[in-house]
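The structure appears below as structure tokens.
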Amino acid sequence: MPYQLPELGYDYDALEPAIDARTMMLHHGKHHQAYIHQLNMAIAPYKELQDRSIEDLLTHIHDAPEEIRAVIRNSGGGHANHELHRKTIGPPSEEKPTGILAEAIRQGFGTLESLQDQLTEAAIKVFGSGWAFLAIDPQTRKMEVMGLPNQDVVVLHGKSALLACDVWEHSYYLKYENRRPEYLKAFWDVVQWEAVSRRLESVLDQSLISAA
Ligand code: MN
């Protein structure tokens, strides 16, 4: 199969109490798996689409036959967003942004609290299902918060995602029921700023290469 469910990298209960083990198990083993399965089924007849990274498949969605573009957008987007989400959260810690990330946050938002408030606000405002992202424009190297519906991806808006907050009900309903703001408050406990920082460095390296 072209796309496979990535390892979580930590146990299902590792994000307790912010995110409960049962939610993590269903989110990874069922929801994320289902996006991958549906994507693999859709591209099965098209050999030329099968050896691409998910980001490449999404950014060149118009290379794909029209009848499978909706599946690529929804299930491919679902795979990409969940992979990013999984990589930028982890066991709760007191870790704060440092170095280049801390400086970029200062320039873009003033303070970490201001970034957190803006992203939380964007996440609360997502109507129905969707995501809130911390993203960066690789050209201007300006950071911004984006709220996107369903499984829309940042890369299709010309930006690079640094941090992904899932606000589909499946990511919080078992523990928090309808209390999305409570889930969003706990979300900050599991953000892995070191992983966000590495993503930022990689985007900045790429943008220097393409500017050269
Ligand atoms: Mn999800």
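Indexing begins at 1, ligand by ligand and atom by atom, following the structure's order. The structure displayed is predicted, hence computed values, not measured ones. All values below were derived from every heavy atom in this structure, side-chain atoms included, with hydrogens, water molecules and symmetry-related copies excluded.
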> In terms of the angle between their ring planes, are Trp188 and Trp193 parallel, tilted or perpendicular, with boundaries placed at 30° and 60°?
Replying inline: parallel

>> Using 30° and 60° as the class boundaries, would you call the ring planes of His27 and His31 parallel, tilted or perpendicular?
In response: perpendicular

>> So does Ala102 get a backbone contact from the side chain of Lys96, meaning a donor-acceptor N/O pair under 3.5 Å?
In response: no

> Donor-acceptor pair, Gln50 side chain versus Ala44 backbone, under 3.5 Å?
Replying inline: yes

> Rounded to 10°, how many degrees is the angle NE2/His170-the Mn ion (ligand 1)-NE2/His82?
Replying inline: 130°

>> Can you check the angle at the Mn ion (ligand 1) formed by NE2 of His27 and OD2 of Asp166? Round it to the nearest 10°.
In response: 90°

> So, is His32 placed with an N/O/S atom under 2.8 Å from the Mn ion (ligand 1), counting both backbone and side chain?
Replying inline: no

